[in-house]
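I have placed the structure first, in the form of structure tokens, so that the comments after it can refer back to it.
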Amino acid sequence: VAERAARTPDAIALVEGDLHVSYADLDARANRLARLLRKKGAGPGRAVDARFDLPLRFNFGSIHAMKLTLIGAGGFRTPVIYRAIAAGEVATTYDELAFYDIDQGRLDRIACVLDGIADELGTRAPVTMTTDLEAAVDGADVVYCAVRAGGMAGRILDETAALAQGVIGQETTGPGGITFALRTVPLVTSIAEVVARRAPDATFVNFTNPVGLVTEAIRRVLGDRVIGICDAPLDLCKRVAGALDRPASELWFDYFGINHLGWLRGVLDGGRDVLPRLIANRDRLETFEEGRLFGADWLASLGMIPNEYL
């Protein structure tokens with residue numbers, strides 16, 4: 001199968017009703033099954049119980065082990081994701097986690113953090129750390145991408161170059177966002193091309209800034225399998241709800257714009273806008289980040305609360 005997949009990856013290998021499976025897809029699924037069997041102890045001369053005790057998904061009569069790949073796994077979000085998976089706080093059970101980064105040193109430091117989380121929880125999730133992108137992506141069901149092209153040195157250059165020209169220096173909006181995108185789009189596009197080849201069915205979750213622009217670029221390679229996400233608007237709404245002493249789930253937030261380039265212009269509580277009351281209360285504004293950052297007077301002049309990135 002592997003030889004045929006290398007020669008003619010798009011040729012149809014299996015047909016079940018309306019489902020057509022290419023050799024590339026069949027090879028990827030066979031590799032996933034092989035990895036799962038090896039994890040159970042299978043090998044030359046070593047048989048294992050074929051009654052799988054791991055959560056499995058069945059597709060066209062074959063066993064499908066779920067794999068999540070994190071690209072940019074040396075970043076600060078990786079421990080949060082690992083904790084949620086190891087603690088069983090996510091709806092999907094993953095049989096394999098592949099954490100990829102270009103910097104082995106960062107991976108080593110993250111591995112120490114993950115060991116601490118596993119010791120704390122008393123349970124571990126199956127993780128492979130690697131600097132090999134092809135191996136990390138191979139056969140993945142979900143690919144999560146959060147990378148910073150050029151590192152922090154690139155961010156400093158983006159922001160200070162804009163400031164030197166007398167305009168706001170910010171990494172995801174304005175001139176800084178454009179230069180960041182010019183550096184990031186080619187990198188993430190090349191990653192998407194690897195995903196298209198090595199994980200043809202994967203859902204690609206993009207958390208790489210500037211998220212909107214980068215997500216649109218990736219869609220040219222992977223189409224509708226790409227999802228762009230941003231937690232900044234949600235976090236702002238949660239902080240405002242806290243300042244109002246209300247659960248966010250009981251309020252309706254009128255946030256307009258996209259991702260970091262956005263403003264909260266209304267908070268409805270049973271049809272009544274309670275944001276003006278918050279903006280008029282200097283003490284409550286001081287209890288959350290945006291209130292302290294922008295100041296009561298400026299927020300009162302706006303009648304809205306901007307995203308912290310503005």
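Keep in mind it's a predicted model, so treat the numbers as computed, not measured.
Side-chain contact annotation: Thr172 with His260, donor-acceptor N/O pair under 3.5 Å present. In this structure, a donor-acceptor pair under 3.5 Å is absent between the side chains of Ser190 and Glu193.
For Phe288, there are no ring-ring contact (aromatic ring centres under 6.0 Å, His included) partners, not counting sequence neighbours.
No side-chain heavy atom of Tyr100 sits less than 4.5 Å from a side-chain heavy atom of Asp132. For the pair Pro79/Ile110, a side-chain contact is recorded, criterion being any heavy-atom separation below 4.5 Å from C-beta on. Looking only at side-chain heavy atoms (C-beta outward), Phe253 and Leu264 come within less than 4.5 Å of each other. Between Val137 and Ile71 the shortest side-chain heavy-atom distance falls below 4.5 Å. Using a 4.5 Å heavy-atom threshold, the side chains of Arg83 and Leu121 count as touching. Residues Leu278 and Val267 form no side-chain contact, since every pair of their non-hydrogen atoms from C-beta on lies 4.5 Å or further apart. Side-chain contact check for Thr130 versus Asp101: every heavy-atom pair is 4.5 Å or farther apart. Under the 4.5 Å side-chain criterion, counting only non-hydrogen atoms from C-beta, Thr78 is in contact with Leu70.
The 12-atom threshold is not exceeded at CG of Asp224, counting heavy atoms of other residues, nucleotides or ligands nearer than 6.0 Å. Within a 6.0 Å sphere centred on CZ of Arg220, other residues, nucleotides and ligands contribute 12 heavy atoms or fewer. Atom CG of Leu163 has more than 12 heavy atoms from other residues, nucleotides or ligands within 6.0 Å.
Taking OG1 of Thr128 as the start and CG of Leu97 as the end, the distance is 8.0 Å to the nearest 0.5 Å. Between Met304 atom CE and Trp298 atom CH2 the span is 8.5 Å, to the nearest 0.5 Å. Asn307 contributes atom CG, which lies 7.0 Å from atom SG of Cys230 (distance to the nearest 0.5 angstrom). Taking CD of Glu159 as the start and CG of Leu157 as the end, the distance is 10.0 Å to the nearest 0.5 Å. Annotation: the span from Phe99 atom CZ to Tyr82 atom OH amounts to 8.0 Å, rounded to 0.5 Å. One finds the CD1 atom of Ile218 at 6.5 Å from the OG1 atom of Thr208 (value rounded to the nearest 0.5 Å).
Glu308 and Arg239 are joined by a salt bridge, as a carboxylate oxygen and a charged side-chain nitrogen come within less than 4.0 angstrom of each other. Between Arg148 and Glu171 there is a salt bridge, with a side-chain nitrogen of the basic residue lying less than 4.0 Å from a carboxylate oxygen of the acidic one. At a threshold of 4.0 Å, the pair Asp201-Arg225 does not count as salt-bridged, since none of the basic side-chain nitrogens sits closer than that to a carboxylate oxygen. Residues Lys238 and Asp231 are not paired through a salt bridge, judged by the lack of any N-O separation under 4.0 Å between the basic side chain and the carboxylate. Contact check on Asp158 versus Arg183 returns a salt bridge, with a Lys/Arg side-chain nitrogen under 4.0 Å from an Asp/Glu carboxylate oxygen. Between Lys67 and Asp141, no side-chain nitrogen of the basic residue sits less than 4.0 Å from a carboxylate oxygen of the acidic one, so the salt-bridge criterion is not met. Salt bridge annotation for Arg198-Glu134: present, with a cationic side-chain nitrogen under 4.0 angstrom from a carboxylate oxygen.
Without hydrogens or angle criteria, Asp95 side chain to Met66 main chain gives a donor-acceptor distance under 3.5 Å. Judged by distance alone, the side chain of Arg292 and the main-chain N or O of Glu286 form a donor-acceptor pair under 3.5 Å. Between the side chain of Thr179 and the backbone N or O of Pro175, at least one donor-acceptor pair lies under 3.5 Å.
Applying the under-4.5 Å side-chain rule to Ile, Leu, Val, Met, Phe, Trp and Tyr, the cluster around Leu182 extends to Ile178.
At least one test fails for Arg155 against the ring of Phe180: distance under 6.0 Å to the centre or angle within 45° of the axis.
Ring pair Tyr255/Trp263: centre-to-centre distance not below 6.0 Å.
Scanning both residues, Ala140 and Ala202, for their nearest heavy atoms gives O-CB, 3.3 Å. Scanning all heavy atoms of the two residues, the minimum distance from Gly74 to Leu107 falls at N-CD2, 4.4 Å. Between Leu285 and Ile279 the shortest heavy-atom distance is CD1-O, 3.3 Å.
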Inset, instruction - Could you give me the CA-CA distance, side-chain angles and deciding distance for Thr287 and Asp283, then say whether side-chain contact (heavy atoms from CB on, under 4.5 Å) is met? - result: CA-CA 7 Å; Thr287 65; Asp283 291 338; over 6 Å; no
Inset, instruction - Evaluate the criterion side-chain contact (heavy atoms from CB on, under 4.5 Å) for residue pair Val188 and Val147; output intermediate values, then yes/no. - result: CA-CA 8 Å; Val188 181; Val147 300; 4.0 Å; yes
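For the side-chain contact (heavy atoms from CB on, under 4.5 Å) with Arg284, the lone residue among Asp245, Leu244, Val240 that qualifies is Asp245.
Residues Ile168 and Ile156 do not share a hydrophobic cluster, clusters being chains of Ile/Leu/Val/Met/Phe/Trp/Tyr side chains in contact below 4.5 Å.
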